[in-house]
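Below, each value reflects all heavy atoms present in this structure, side chains not excepted, and no hydrogens, waters or symmetry copies. A note on names: the letters A, B, ... follow the listed sequences, proteins ahead of strands, and every chain is numbered from 1. It should be emphasised that the depicted structure is a prediction, and the values quoted were computed from it without experimental measurement.
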Number of protein chains: 2
Amino acid sequence: MADLVYKNVMQDLKRRINDNQFPDKRLPDERSLSESYEVSRSSVKRALNVLAQQGIIFKKRGSGTFVNPLYIKNQAVFSYEGRNLGVTDSMRVDGKKPSIKLLDFQVIPATPELQQDLFLNADDFVYQIKRLRSLDQQPVMIETGFIPIKIMPELSTTVVSGSIFNYLEDNKHVSVTKSFMTVEAEPSDDKDQELLSLKPTEPVGVMSGIFFLDDGTPFEVSNMRIHYKYMKYNNFVDLDAD
Amino acid sequence: MADLVYKNVMQDLKRRINDNQFPDKRLPDERSLSESYEVSRSSVKRALNVLAQQGIIFKKRGSGTFVNPLYIKNQAVFSYEGRNLGVTDSMRVDGKKPSIKLLDFQVIPATPELQQDLFLNADDFVYQIKRLRSLDQQPVMIETGFIPIKIMPELSTTVVSGSIFNYLEDNKHVSVTKSFMTVEAEPSDDKDQELLSLKPTEPVGVMSGIFFLDDGTPFEVSNMRIHYKYMKYNNFVDLDAD
DNA sequence: CTCGGTAATTGGGTCGTACCAATTTTCTAA
DNA sequence: TTAGAAAATTGGTACGACCCAATTACCGAG
């Protein structure tokens, strides 16, 4: 699969962790791993660093490297590791069938805010795409996206009725790998209540933010209003990164 | 401050970015930086990698390294970089005065769920700490925390009325650097409405999760119910990390 | 048997080299 | 003039050496 040395080490270690091959939760030291995998210690360190960043292992200088007990006990919670930025993908994990209903699709001039977020000029235009996402017939999310037409001049209602990210990867061979998102809670408004079958006392979770292409080009500004029972945003934070 | 080579490079580059010393958004190539800073290219790469992970710069092989335009335009959004896991600290940034009111403080047997999350035995006990946090007299958060007594046998009402994380760092020289959090939205219940002055239609944001010590020991299980107007959870994600 | 110093273990940081891969620039030939 | 090949530029991966720092293990003196 992966032809990179450190990724191979990573994958094998993850496999061994999942197979519970380290019953005392302790991994071999870096020098031994370097020897047994027949790779440099640098590559071992790199593999371990990534696993540590993902919260799967903990490293303690002078002491050793250990598996996060929570990773073993509650892998479901850590499922964000098969992670993705696209919404279509994240929903499939539940085992339910996702579907998309196109509510609105038009081209509008970029507002000042959009100009700033998408790095556009005053005379640029954007697609405005409103979609309703469901899981097994149950509407769960109202999504409003804005994409500069100059990035995707060929966007059609057909494409927009499916996964835009998948289309990008399959047809244009670029992928969206970065995002900056804000998560908030809000009371549901009339539209939310109608489309998501919510009572007035039931809220929506709001995820909004910007998706970037590999090269840093801001690609889409998105706003998602989510049925509160279906929003669960998981995040592992490790401050040691700097 | 920092006596590490790559951190020094990082800080200086960040300073130069903030000073807008790269008007074309392009940084010098790695080899030049290595020469001008008189450090190895490895250290330059490490510094750049961290900045990239934080979303401050983008790297493109064959092309160069560029400042994220959004970082310049909207630094407020990226303020998570002066980041922290503690709640006391995060609130101070608003310029408002945080305060804590202790609602409840007792020792209880660890529930099965707590045993799992905190890696405890059936006969272990935990502190249960309920606190109400305010900003400038405005109540914004109901916080319920559980801490194993065997980790902090000396916990007192005095300590618990302030920042526990600060106490830990100042007095025991350990710091909390990792967390696994889940963010959700929920309708407010009677208690929420009373303590946070919410109407029945107004929701709370719920942040719950586990804090870890440096060595991976689960330290605290926390549940925070936050006035929806005061919850704003920012997160930059970069899938290139693996 | 216990305490305390010393050695061994283990992860962390830095340097420098070598080569690879994607992109951009330059040059050459039609 | 221009299209395509070649070279230069620029970041990516890998290796291995060297030393440091935190922790643990060990061993001897008392």
Side-chain angles (χ1 to χ4, degrees), chain A residues 1-11 13 22 24-53 56-67 173-175 177 213-217 238-242, chain B residues 1-11 13 22 24-53 56-67 172-175 177-178 213-217 238-242:
Chain A
M1 192 58 171
D3 53 349
L4 297 184
V5 173
Y6 80 95
K7 282 198 183 183
N8 285 330
V9 175
M10 241 184 80
Q11 285 180 7
L13 283 175
F22 309 109
D24 57 351
K25 305 275 175 276
R26 188 200 183 107
L27 272 61
D29 68 279
E30 295 181 349
R31 289 163 178 88
S32 308
L33 287 172
S34 164
E35 219 175 315
S36 58
Y37 281 115
E38 292 181 312
V39 302
S40 71
R41 191 180 158 209
S42 320
S43 296
V44 172
K45 288 182 87 70
R46 185 162 184 178
L48 292 177
N49 279 335
V50 177
L51 292 177
Q53 194 114 22
I56 297 177
I57 61 175
F58 291 105
K59 293 184 292 180
K60 190 77 179 129
R61 162 149 60 171
S63 179
T65 303
F66 304 87
V67 179
H173 306 291
V174 293
S175 55
T177 54
L213 301 181
D214 296 0
D215 63 355
T217 310
D238 182 353
L239 295 189
D240 289 339
D242 43 35
Chain B
M1 189 63 180
D3 52 350
L4 296 183
V5 173
Y6 80 94
K7 283 198 184 183
N8 285 331
V9 174
M10 240 184 78
Q11 284 179 10
L13 282 177
F22 308 110
D24 56 353
K25 305 276 175 276
R26 187 199 185 110
L27 270 63
D29 68 279
E30 297 181 349
R31 288 162 179 88
S32 307
L33 287 172
S34 165
E35 216 176 318
S36 59
Y37 282 115
E38 291 181 313
V39 302
S40 71
R41 191 181 156 209
S42 318
S43 296
V44 171
K45 288 184 85 67
R46 185 161 186 176
L48 292 178
N49 279 336
V50 177
L51 292 176
Q53 194 113 26
I56 297 176
I57 62 175
F58 292 103
K59 294 184 291 181
K60 191 82 177 117
R61 163 148 60 169
S63 180
T65 303
F66 306 86
V67 179
K172 303 194 62 173
H173 306 292
V174 293
S175 54
T177 54
K178 297 171 177 60
L213 301 181
D214 295 1
D215 62 358
T217 310
D238 182 353
L239 295 190
D240 289 339
D242 44 31

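Counting all heavy atoms, side chain and backbone alike, A:Q53 lies closest to A:D238 at CA-OD2, 4.4 Å. Scanning all heavy atoms of the two residues, the minimum distance from B:S34 to B:S40 falls at OG-C, 3.6 Å.
B:D29 has its CG atom 14 Å from the C1' atom of D:dG12, to the nearest Å. Atom CG of A:D3 is separated from atom P of D:dG12 by 16 Å (rounded to the nearest Å). Separating the CG atom of A:N8 from the P atom of D:dT13 is a distance of 13 Å, rounded to the nearest angstrom. In this structure, A:F58 atom CZ and D:dT23 atom C1' are separated by 18 Å, rounded to whole Å. Rounded to whole Å, the distance from CG on A:L4 to P on D:dG12 is 12 Å. B:R46 places its CZ atom 15 Å from the P atom of D:dG12, with the value rounded to the nearest Å. Atom CG in B:L48 sits roughly 14 Å away from atom P in D:dT10 (whole-Å rounding). Atom-to-atom, CZ of A:F66 to C1' of C:dG11 comes out at 11 Å; the value is rounded to the nearest Å.
Residue A:T65 has its side chain nearest to C:dG11 when only D:dT10, C:dG11, D:dT13 are considered. The side chain of B:E30 lies closest to D:dG12, out of C:dG11, D:dT10, D:dG12.
A heavy-atom distance below 4.5 Å is found between the side chains of B:P28 and B:F22. The closest side-chain heavy-atom distance from B:V9 to B:V39 is below 4.5 Å.
Partners of A:K45 under the salt bridge (charged side-chain N to carboxylate O under 4.0 Å, His left out) rule, at least two apart in sequence or in another chain, are A:E30.
Contact check, A:K45 against C:dG12: a side-chain N or O comes under 4.0 Å of OP1 or OP2.
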Tabulate below the donor-acceptor pairs under 3.5 Å that side-chain atoms of residues 57-67 of chain A make, not counting sequence neighbours, or state none.
residue: A:K59; atom: NZ; partner: A:N49; partner atom: OD1; Å: 2.1

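The distance from atom CZ of A:R46 to atom NZ of A:K7, rounded to the nearest 0.5 Å, is 9.0 Å.
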Polar atom pairs between nucleotides 15-22 of chain D and protein, under 3.5 Å, N or O only, would you list them?
residue: D:dC15; atom: OP2; partner: A:S40; partner atom: N; Å: 3.3
residue: D:dC15; atom: OP2; partner: A:S40; partner atom: OG; Å: 3.1
residue: D:dC15; atom: OP2; partner: A:S43; partner atom: OG; Å: 2.5
residue: D:dG16; atom: N7; partner: A:S42; partner atom: OG; Å: 2.9
residue: D:dA21; atom: O4'; partner: A:R61; partner atom: NH1; Å: 3.0

